*Asks:* 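Got a structure for you, questions after.
Keep in mind that what you see is a predicted model, and the values were worked out from it rather than measured. Every chain is numbered from 1 and lettered A, B, ... according to where its sequence line falls, protein lines coming before strand lines.
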There are 2 protein chains.
Amino acid sequence: MIEELKDNYGHFFENELIEEINQVGSFKEVEEGFELIRPGSYIKTMPLIISGAIKVLREDSDGDELLLYFLERGDTCAMTLSCCLGHHKSEIKAIAETYTKLVMVPVEKMEEWTTKYKSWKNFVFDSYHKRLIEAIETIDNIAFLKMDDRLLKYLKDKTKINNDHVVYNTHQQIAYDLHTSRVVISRLLKKLENEGKVKLNRNNIEVINI
Amino acid sequence: MIEELKDNYGHFFENELIEEINQVGSFKEVEEGFELIRPGSYIKTMPLIISGAIKVLREDSDGDELLLYFLERGDTCAMTLSCCLGHHKSEIKAIAETYTKLVMVPVEKMEEWTTKYKSWKNFVFDSYHKRLIEAIETIDNIAFLKMDDRLLKYLKDKTKINNDHVVYNTHQQIAYDLHTSRVVISRLLKKLENEGKVKLNRNNIEVINI
DNA sequence: GCAATGCAGTAACATTTGTTACAGAGTGCT
DNA sequence: AGCACTCTGTAACAAATGTTACTGCATTGC
C-alpha cells in the first residue's frame, strides 16, 4: 500500500505523514456500482482515492437524483471531510464509477493531522476549494446550459474519467444523472447522432467528435 | 470595533485572536448595492460580517447572473477564503444586500492564524462546510424545484435576511437573481397574489402568508 | 424455438419557461 | 399640466422539456 500512497500522494505529503497513513489507514478495493456513502449516514472513515473514479450525487426527498461531480485519483470527498470535522450527517451519495482503489482513514486521525501536518491541512483546504468550485460549476451547467449542452458535457466528462471514448450507459441511467427523462435523452442523443457526434449502440454510446 | 467583534465572534474566537483581529483588521461600512467582490479579481483582504447581509452571485461569460446565497452576521465568504489560501482568482461576485458593517482582514494573517489559533482553523473549516452545503442547496433548488417554488423560496429568504415582510425589489431585479425574465416573474407573482400569498405594490412586494 | 424482459425509437400531447410587443399606471421633473 | 421615464400587467406566441403510450429489436433463460 505504501508504494501506491507514495505514487499518488507523495508530492503533497511528507514521508512521515505517508507512513502514518499507511499505518492507520485500511486499503479497500470496490467494484463499479458500490455505494460508498449514503445520504443521512454518519461517516467514520475518509476515503483517499488511489485509482479509479467515484461519482457524487445529490438525492432529494423523493429519491430524485442529480450528478454533482466525479472524483479521481488524488481527490478526496469534501463532504466527508466536513462531515467528519464538523460531525454532520452526509448530504450526498457516492458510488464507485469504476473499479476503484481507496485508502480509508479514520476520522480521529484526520482532525489530529490538520494540526500536526501542514501539508495535510493544505490538502484539506485545497479539497474544499476544489469541491466548492465544482459545485459552482455544476450550478453553472444547470442554470445556464440547456439539456443538449449538459448532455454533451456529461459525455465529455465520462469519456475523460473512464479514459474510453465509449460510454457504457443506458439512456435511462444518463437520464437519472441529469435528472430528466429517458425519452428526452433518447431524443437528444438521436440529434447528436444525426449531427455525427456520436454513434448509438445497444447499451453504449460511441463518442466520435465532440 | 473591538466591542462589535466580541459581540459577534466572541463565542468562536479566543480573546487574543479577537485582539489581533482588532489590531490588523480595518473596519468598513458599505451601503446597499456596494460591490465587494467582482469576478476575476484577486482578493487581498477577507471580510468578516458584523451586521447586515451580502448576496453572493455567479456570473457567466454573457454577464447572466444567478444568486448563490446570502451571507449574514458571523459569516464569511468561503470563496474569498479559498482564493486567499489557494491564491486563486475570484469566481463570484458579492454585493451588499443591505447597509453592512465588516471587518477586513489581510490575507497574510489569515494563513498565519490557521496554524496559530485552533478556533480560527475551525472557523475556516466550518465556513467551508456551510458554503458547500449552501451551494448544494442552491443546486437542489435549481434542479428539483420549478420556478414558482424557487420564487417562493427567494421571497422567504429575502424577508428573513432583511427582517422585513416587505421585499423592496422590482420584478426585473428578482428575474436577474433567479436567472429568468421579468415577464415570468410578473406572471408568477400575480398567481401568488391571486392565491393570497403576497400583495403587489409598485417597487415592493408584501409577503403575507407563505 | 419461444416467451419474458429490458432497451431504444417515435409520435402526440401537456406543461413550463422564455420572448416580443404593447398598454396603462405611477413617479419625478419642469 | 405636460413630459419622460420606469414599472407592471397581459396577450400571443415560440421553444424547451416532460409525459404517456406504443412499437420493434436484442438478449436471456427456459
Side-chain angles (χ1 to χ4, degrees), chain A residues 33 60 62-67 138-155 158 166-208, chain B residues 33 60 62-67 138-155 158 166-208:
Chain A
D60 84 347
D62 302 338
D64 289 341
E65 292 187 347
L66 179 76
L67 175 67
T138 304
I139 291 176
D140 278 8
N141 293 339
I142 310 175
F144 299 133
L145 299 186
K146 300 217 180 281
M147 194 55 81
D148 50 356
D149 285 327
R150 287 178 60 201
L151 176 58
L152 265 180
K153 197 171 178 326
Y154 177 86
L155 293 173
K158 273 279 207 184
V166 184
V167 174
Y168 295 93
N169 263 353
T170 66
H171 299 183
Q172 182 62 69
Q173 287 170 324
I174 298 176
Y176 282 139
D177 283 350
L178 297 180
H179 190 247
T180 179
S181 76
R182 197 270 307 168
V183 181
V184 171
I185 296 297
S186 295
R187 183 156 64 205
L188 293 175
L189 280 173
K190 207 69 208 167
K191 209 180 79 186
L192 289 179
E193 190 176 42
N194 292 335
E195 291 167 3
K197 292 181 180 168
V198 300
K199 183 166 179 308
L200 302 180
N201 304 308
R202 187 181 175 82
N203 289 320
N204 74 69
I205 300 157
E206 289 174 49
V207 175
I208 311 278
Chain B
D60 83 347
D62 303 338
D64 289 341
E65 292 187 346
L66 179 76
L67 175 66
T138 304
I139 292 176
D140 278 7
N141 293 338
I142 310 175
F144 299 133
L145 298 186
K146 299 210 180 287
M147 193 54 82
D148 50 356
D149 285 326
R150 288 179 59 201
L151 177 58
L152 265 180
K153 195 168 180 328
Y154 177 86
L155 293 173
K158 273 279 207 182
V166 184
V167 174
Y168 294 94
N169 263 353
T170 66
H171 299 182
Q172 182 63 69
Q173 288 170 323
I174 299 176
Y176 282 139
D177 284 349
L178 297 180
H179 190 247
T180 179
S181 76
R182 197 270 308 165
V183 181
V184 171
I185 296 297
S186 294
R187 184 156 64 205
L188 294 175
L189 279 173
K190 206 69 207 169
K191 208 179 81 185
L192 290 180
E193 190 175 42
N194 292 334
E195 291 168 1
K197 292 180 181 168
V198 300
K199 184 168 179 307
L200 301 179
N201 304 308
R202 188 182 174 82
N203 289 321
N204 74 70
I205 299 157
E206 288 174 51
V207 176
I208 312 278

*Asks:* Using the side-chain heavy atoms of B:R202, tell me which of these nucleotides is nearest: D:dT19, D:dC7, D:dA12.
*Replies:*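 Per side-chain heavy atoms of B:R202, the pick is D:dC7.
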*Asks:* Side chains of A:Y154 and A:N169: do they bring a donor and an acceptor to under 3.5 Å?
*Replies:*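 Their side chains do contain a donor-acceptor pair, which is all the 3.5 Å distance test asks for.
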*Asks:* What nucleotide, of C:dT17, D:dT20, C:dG9, holds the atom closest to the side chain of A:H171?
*Replies:*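 For A:H171, the side-chain atoms sit closest to C:dG9.
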*Asks:* Checking side-chain contact (heavy atoms from CB on, under 4.5 Å) for the pair A:K199/A:N201: CA distance, chi angles, key distance, verdict?
*Replies:* CA-CA 7 Å; A:K199 183 166 179 308; A:N201 304 308; 3.1 Å; yes
*Asks:* Considering only D:dT6, D:dT8, C:dC7, which nucleotide approaches the side chain of B:S186 most closely?
*Replies:*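 The closest nucleotide is D:dT8.
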*Asks:* Base, sugar-phosphate alone, or nothing: which one does A:S181 contact when heavy atoms must sit under 4.0 Å apart?
*Replies:*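 Base, at least one base heavy atom under 4.0 Å.
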*Asks:* Rounded to whole angstroms, how far apart are CD on B:E193 and C1' on D:dT8?
*Replies:*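 The answer, rounded to whole Å, is 11 Å.
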*Asks:* Roughly, in whole Å, what's the span from CG in A:D148 to P in D:dA16?
*Replies:*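 Whole-Å distance recorded here is 8 Å.
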*Asks:* Taking atom P of C:dT15 as reference, at what distance in whole Å does atom NZ of B:K146 sit?
*Replies:*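 B:K146 atom NZ is separated from C:dT15 atom P by 11 Å.
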*Asks:* Could you check if a side-chain atom of A:I142 sits within less than 4.5 angstrom of a side-chain atom of A:T138, using non-hydrogen atoms only?
*Replies:*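 Heavy-atom side-chain distance check passes, below 4.5 Å.
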*Asks:* How do A:T180 and B:L189 order along DNA chain D: which one's closest nucleotide is nearer the 5' end?
*Replies:*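 In this pair, the answer is B:L189.
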*Asks:* Nearest-Å distance, CD1 (A:I185) to P (C:dG6)?
*Replies:*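 Roughly 21 Å, once rounded to whole Å.
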*Asks:* Which one, D:dT17, C:dA8, C:dA21, comes nearest to the side chain of A:V184?
*Replies:*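 Looking only at side-chain atoms, A:V184 lies closest to D:dT17.
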*Asks:* Which whole-number value in Å describes the distance from B:I174 CD1 to D:dC7 C1'?
*Replies:*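 Spelled out: CD1 on B:I174 to C1' on D:dC7 is 12 Å.
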*Asks:* Classify the side-chain pair B:N203/B:Y168 by whether it contains a donor and acceptor separated by less than 3.5 Å.
*Replies:*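 B:N203 vs B:Y168: no donor-acceptor pair found between side chains.
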*Asks:* Would you kindly give the CG-to-P distance between B:L188 and C:dG18, to the nearest whole Å?
*Replies:*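 So the two atoms are 9 Å apart, to the nearest Å.
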*Asks:* When you measure from the side chain of A:V183, which nucleotide among D:dA11, D:dA21, C:dC7 comes out closest?
*Replies:*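 Of the candidates, D:dA21 comes closest.
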*Asks:* Would you kindly compare A:N203 and A:M147 by the position of their nearest DNA chain D nucleotide and give the one closer to the 5′ end?
*Replies:*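 Residue closer to the 5' terminus by nearest nucleotide: A:M147.
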*Asks:* Of all the nucleotides listed (D:dG9, C:dT10, D:dT19), which has the minimum atom distance to the side chain of B:L200?
*Replies:*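 Among D:dG9, C:dT10, D:dT19, the one nearest the side chain of B:L200 is D:dG9.
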